[in-house]
Amino acid sequence: MKNKQAPIGIFDSGIGGLTVAHAIRKILRNESLIYFGDTAHLPYGDKSEAAVQAYSIKIADVLLGRGCKIIVIACNSASSAAYELLKEYVGSRAKVVNVIDPMVSFVKEKFSETKIGLIGTKRTVQSNIYARKIEELVQGIELASLATPLLVPMIEEGFFNNKISSEIIDQYLSDELLQNIEGLILGCTHYPLVKNQIEKYYQGKVQVLDSSEITALYLKDRLIEFDILNDQETEPDDRFLVSDYTESFEASTKLFFNQRVHLEKYALWD
Ligand code: DGL
């Protein structure tokens with residue numbers, strides 16, 4: 001059994017998972033985080049399932065090597081392509097959680113007999129995983145999913161809260177598929193960075209569902225369930241690893257965590 005003081009491993013293709021890491025930092029104050037941004041292979045959303053699985057396994061090896069007690073797949077594309085495989089691969093060495101199950105449980109609690117929209121990467125939308133999981137758990141929800149592949153590169157380049165991002169977002173959200181919805185799932189962990197703009201588009205008529213806080217609360221419940229919550233007051237020691245150094249990653253990390261962060265470069269393949 002893992003030590004309660006062991007770190008929590010979190011990964012994504014880039015800065016998107018920082019939205020989840022930030023929510024975890026706020027809710028679980030004693031926990032130390034090791035974040036891996038696979039910037040060398042970004043975006044995951046356009047890659048094959050096999051490629052995303054291979055990246056995820058490599059990253060899991062890094063996080064296990066650093067003694068993580070639990071791995072949070074803070075990426076919808078990797079959650080849809082690699083969660084089952086990763087759980088099997090990691091086995092008893094650590095626990096694994098994804099960002100899709102917490103959102104599906106939230107939808108089950110809050111919605112019934114209605115139409116909900118989802119925007120995500122091509123990988124996530126093509127996997128149909130949200131529709132399958134929602135159908136299994138919740139009766140009467142119609143899910144309309146739209147791939148919005150321009151959003152990740154746009155956000156990674158720092159284009160949010162400006163005219164260009166507004167144009168692109170408005171164009172996607174006005175798609176026929178997404179009309180008459182009661183809620184919109186942000187099915188990509190990069191999208192909370194443009195949540196304000198999405199909310200502005202809907203003017204309060206559609207509930208915009210962001211998985212970062214939902215996942216952090218879900219993670220807390222799992223840590224308690226597995227008896228690995230760090231209940232001792234400790235000063236967290238957060239680490240940030242990237243497979244390729246990018247300025248936007250460093251800038252976003254500082255922005256989120258409100259402090260200077262040391263980025264460690266870690267190549268997944270030599
Ligand atoms: N933030 C990720 C997701 O939730 C990855 C996006 C990408 O790399 O395409 O899907």
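All figures in this text were calculated on a predicted structure; none of them were measured in a lab. Whatever order the structure lists ligands and atoms in, that order sets their numbers, starting from 1.
Of all atoms in ligand 1, listed by their number and element, those nearer than 4.0 Å to a heavy atom of N76 are 3 (C), 4 (O), 10 (O). For ligand 1, the atoms closer than 4.0 angstrom to any heavy atom of C188 are 1 (N), 2 (C), 3 (C), 4 (O), 6 (C), 10 (O). Heavy-atom proximity to G45, at under 4.0 Å, picks out these atoms of ligand 1: 7 (C), 8 (O), 9 (O). Annotation for ligand 1: atoms under 4.0 Å from non-hydrogen atoms of S77 are 3 (C), 5 (C), 10 (O). The ligand atoms of ligand 1 that sit less than 4.0 angstrom from a heavy atom of D12 are 1 (N), 2 (C), 5 (C). Within the listing of ligand 1, atoms 5 (C), 6 (C), 7 (C), 8 (O) sit less than 4.0 angstrom from a heavy atom of S13.
A salt bridge is defined here as a Lys NZ or Arg NE, NH1 or NH2 lying under 4.0 Å from an Asp or Glu carboxylate O, and D46 with R123 fails to meet this definition. Under a 4.0 Å N-O distance rule, the pair E136/K133 does not qualify as a salt bridge. Using a 4.0 Å cut-off between a side-chain N of Lys or Arg and a carboxylate O of Asp or Glu, K69 and E31 qualify as a salt bridge.
At a 3.5 angstrom cut-off on N or O pairs, T121 does not count as close to ligand 1.
Here Y55 and Y44 bring their ring centres to under 6.0 angstrom of each other. Here the two rings, on F36 and F240, have centers that are 6.0 Å apart or farther.
When hydrogens are left out, the protein atom nearest atom 6 (C) of ligand 1 is V152 CG2, 3.6 Å; that is the closest non-hydrogen contact. The single protein non-hydrogen atom nearest to atom 7 (C) of ligand 1 is Y44 N, 3.3 Å, given as residue, atom name and distance.
Remark: side-chain polar atoms of S211 are not paired, donor with acceptor, to backbone N or O of M103 under 3.5 angstrom.
Within 6.0 Å of atom CG in D237, more than 12 heavy atoms from other residues, nucleotides or ligands are found, so the atom counts as buried in its surroundings.
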